[in-house]
Amino acid sequence: MLDAILASTASNSGSPAVTAADFAALPLPESYRAVTVHKDEAEMFSGLTTREKDPRKSLHVDEVPVPELGPGEALVAVMASSVNYNSVWTSIFEPVSTFNFLERYGKSSPLAARHDLPYHIIGSDLAGVVLRTGPGVNAWKPGDEVVAHCLSVELESADGHNDTMLDPEQRIWGFETNFGGLAEIALVKSNQLMPKPRHLSWEEAASPGLVNSTAYRQLVSRNGAGMKQGDNVLIWGASGGLGSYATQFALAGGANPICVVSSPQKAEICRAMGAEAIIDRNAEGYKFWKDEHNQDPKEWKRFGKRIRELTGGEDIDIVFEHPGRETFGASVYVTRKGGTITTCASTSGYMHQYDNRYLWMSLKRIIGSHFANYREAWEANRLIAKGKIHPTLSKTYRLEETGQAAYDVHRNLHQGKVGVLALAPQEGLGVRDHEMRERHIDAINRFRNV
Ligand SMILES: NC(=O)c1ccc[n+]([C@@H]2O[C@H](COP(=O)([O-])OP(=O)(O)OC[C@H]3O[C@@H](n4cnc5c(N)ncnc54)[C@H](OP(=O)(O)O)[C@@H]3O)[C@@H](O)[C@H]2O)c1
């Protein structure tokens with residue numbers, strides 16, 4: 001079956017060579033290759049520091065059975081996926097083992113019990129081809145070329161009916177559920193599916209999903225910071241997974257990104273995206289913590305002064321926060337009166353410390369943001385499909401090299417996004433709209449050319 005899919009999708013012609021009926025008639029294999037962590041290895045890194053925990057040791061490629069297809073679900077042949085930081089968290093079993101999530105989910109319904117297994121198939125992005133749809137799925141059919149966002153919800157409670165991220169059963173697919181995208185076949189809820197941008201290859205189309213949607217809610221959406229034209233937006237890790245999309249949203253939305261990075265090479269990428277105000281935190285040597293327990297407000301002030309030099313004396317309207325403990329005190333300090341700090345993560349530690357006087361006296365707001373609701377994820381993908389926002393793929397690995405790919409992200413050795421080929425035998429396949437691609441080719445390749 002997989003050979004047949006490859007034959008039909010390996011072509012770079014304007015439309016798929018195989019019809020929906022052909023796809024529906026393909027027999028499903030009994031098993032497929034998938035990137036997993038093993039439950040009996042959840043303690044393998046006990047006693048090691050975060051940095052010492054090596055994803056290459058914990059990530060495996062296993063042959064696993066195809067899961068049963070339930071109502072409202074789809075099985076997708078995965079052509080390509082990508083590494084997100086959540087794959088790093090899963091692979092180092094921090095801050096908790098993701099098997100805890102699977103056990104809890106498994107108890108919620110007989111169908112969800114499928115997810116509670118001694119192995120966890122990870123991955124929260126995919127681009128591929130629909131193989132089968134479950135009962136009740138009408139909007140998608142076998143053969144459709146799709147990407148999937150990673151919001152899994154049940155929507156049986158009214159809490160999530162206005163904003164699907166507020167569903168009490170909200171989960172990130174491939175992190176808090178099983179059967180993720182770093183595999184040859186994935187199981188998704190059909191509402192996760194979105195059209196694959198036609199001008200992109202499989203690996204390019206697979207790379208924005210999670211981070212692009214997250215940055216969109218956090219920065220652009222009214223559920224996040226609600227960025228507007230002219231806003232000064234401080235973006236930590238501006239050439240990283242989230243930051244590379246936040247920078248593009250700021251520029252496309254007429255805002256003024258102040259990009260923080262840690263090397264001249266990363267600064268160059270931000271310049272290539274069109275940013276002008278760039279701070280190399282490494283070269284300028286900011287040290288916001290004097291020791292493990294005490295911050296250094298003098299360093300916050302030095303950082304704020306540098307921002308004013310770059311903005312012509314203005315302060316920050318919105319901070320796009322995710323490093324967490326190491327930067328949060330500085331982020332709160334440099335935000336202007338009435339401004340917003342919007343946070344979706346705590347890579348360097350989740351017990352934050354900041355001087356609350358700067359928050360309340362200057363009427364600042366801290367907004368927690370997490371992934372994106374159905375609509376926000378759709379809108380974020382639409383911007384990719386329209387060529388307004390571009391993938392930031394720098395490098396692509398094969399499925400069996402996912403451990404190395406996750407290691408690179410863990411050690412901050414990467415730029416933008418790191419892709420993974422699943423069924424796609426090589427990079428560059430799956431493009432349907434060559435004319436549009438040609439128009440955007442420099443932007444699409446921006447992160448590859450550094
Ligand atoms: N809640 C959500 O929905 C959601 C979604 C996506 C990601 N996340 C989380 O957000 C975090 C970032 O994800 P990502 O995909 O953007 O990762 P990434 O590709 O590794 O990029 C993060 C960037 O942040 C910068 N950075 C890292 N540690 C820092 C520190 N201590 N101080 C200042 N800057 C630092 C680095 O850039 P420089 O070295 O160039 O400064 C790094 O490239 C992760 O913890 C991830 O789990 C959450």
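Counting begins at 1 with the first residue of the sequence. FYI, side chains are in, hydrogens and waters are out, and symmetry mates aren't considered; it's all heavy atoms of this structure. Read the numbers this way: they start at 1 and go in the same order the structure lists the ligands and their atoms.
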Nearest neighbour of atom 27 (C) of ligand 1 from the list K266, H322, Q218, R281, on a heavy-atom basis: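 Comparing heavy atoms across K266, H322, Q218, R281, the nearest one to atom 27 (C) of ligand 1 lies in R281.
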Selection from S213, C150, G237 by shortest heavy-atom distance to atom 23 (C) of ligand 1: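 Looking at heavy atoms only, G237 sits closest to atom 23 (C) of ligand 1.
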As an exercise, identify every atom of ligand 1 less than 4.0 angstrom from a heavy atom of [X].
| X | answer |
| --- | --- |
| L210 | 5 (C), 6 (C) |
| E326 | 31 (N) |
| H414 | 18 (P), 19 (O), 20 (O) |
| T327 | 32 (N), 33 (C) |
| G241 | 15 (O), 16 (O), 18 (P), 19 (O), 21 (O) |
| V261 | 40 (O), 41 (O) |
| V211 | 15 (O) |

Flag [X] as yes when one of its N or O atoms lies below 3.5 Å from any N or O atom of ligand 1, and as no otherwise.
| X | value |
| --- | --- |
| W236 | no |
| S346 | no |
| L242 | yes |
| F371 | yes |
| T347 | yes |

Region of A345 that comes within reach of ligand 1 [heavy atoms, distance under 4.0 Å]: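 Side chain only.
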Under-4.0 Å heavy-atom contact with ligand 1, by part of I172 that carries it: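 Answer for I172: neither.
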How far is [atom] from its nearest protein heavy atom, and which residue and atom name does that atom have?
| atom | result |
| --- | --- |
| atom 47 (O) of ligand 1 | W89 NE1, 2.9 Å |
| atom 4 (C) of ligand 1 | T214 CG2, 3.8 Å |
| atom 38 (P) of ligand 1 | S262 OG, 3.3 Å |
| atom 36 (C) of ligand 1 | N412 ND2, 3.6 Å |
| atom 17 (O) of ligand 1 | Y85 CD1, 3.5 Å |
| atom 48 (C) of ligand 1 | C344 O, 3.4 Å |
| atom 30 (C) of ligand 1 | P323 CB, 3.8 Å |

Aromatic ring pairing W300/Y333, orientation class (parallel under 30°, perpendicular over 60°, tilted between):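 Tilted.
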Ring geometry between Y286 and F288 (parallel below 30°, tilted from 30 to 60°, perpendicular above 60°):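 If you compare the ring of F288 with that of Y286, the planes turn out parallel.
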Between Y105 and K107: side-chain donor-acceptor atoms closer than 3.5 Å: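 Result is no, nothing qualifies.
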Distance-only donor-acceptor check, side chains Y216 and E379, under 3.5 Å: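 E379 and Y216 do have a side-chain donor-acceptor pair below 3.5 Å.
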Determine whether [X] and [Y] make a side-chain contact, defined as any pair of heavy atoms from C-beta on separated by less than 4.5 Å.
| X | Y | value |
| --- | --- | --- |
| D315 | R308 | yes |
| Q295 | D355 | no |
| Q353 | W289 | yes |

Tell me whether [X] contacts the main-chain N or O of [Y] through its side chain, where contact means a donor paired with an acceptor under 3.5 Å.
| X | Y | result |
| --- | --- | --- |
| R217 | A372 | no |
| S362 | K364 | no |
| S157 | D159 | yes |

Between W236 and F303, ring centroids under 6.0 Å: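 Yes; F303 has its ring centre under 6.0 Å from that of W236.
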Heavy-atom closest pair, residues L111 and P71: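 That would be CD2-CD, 3.7 Å.
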H149/Y374 under ring-ring contact (aromatic ring centres under 6.0 Å, His included): CA gap, chis, key distance, verdict: CA-CA 8 Å; H149 69 68; Y374 274 176; 5.6 Å; yes
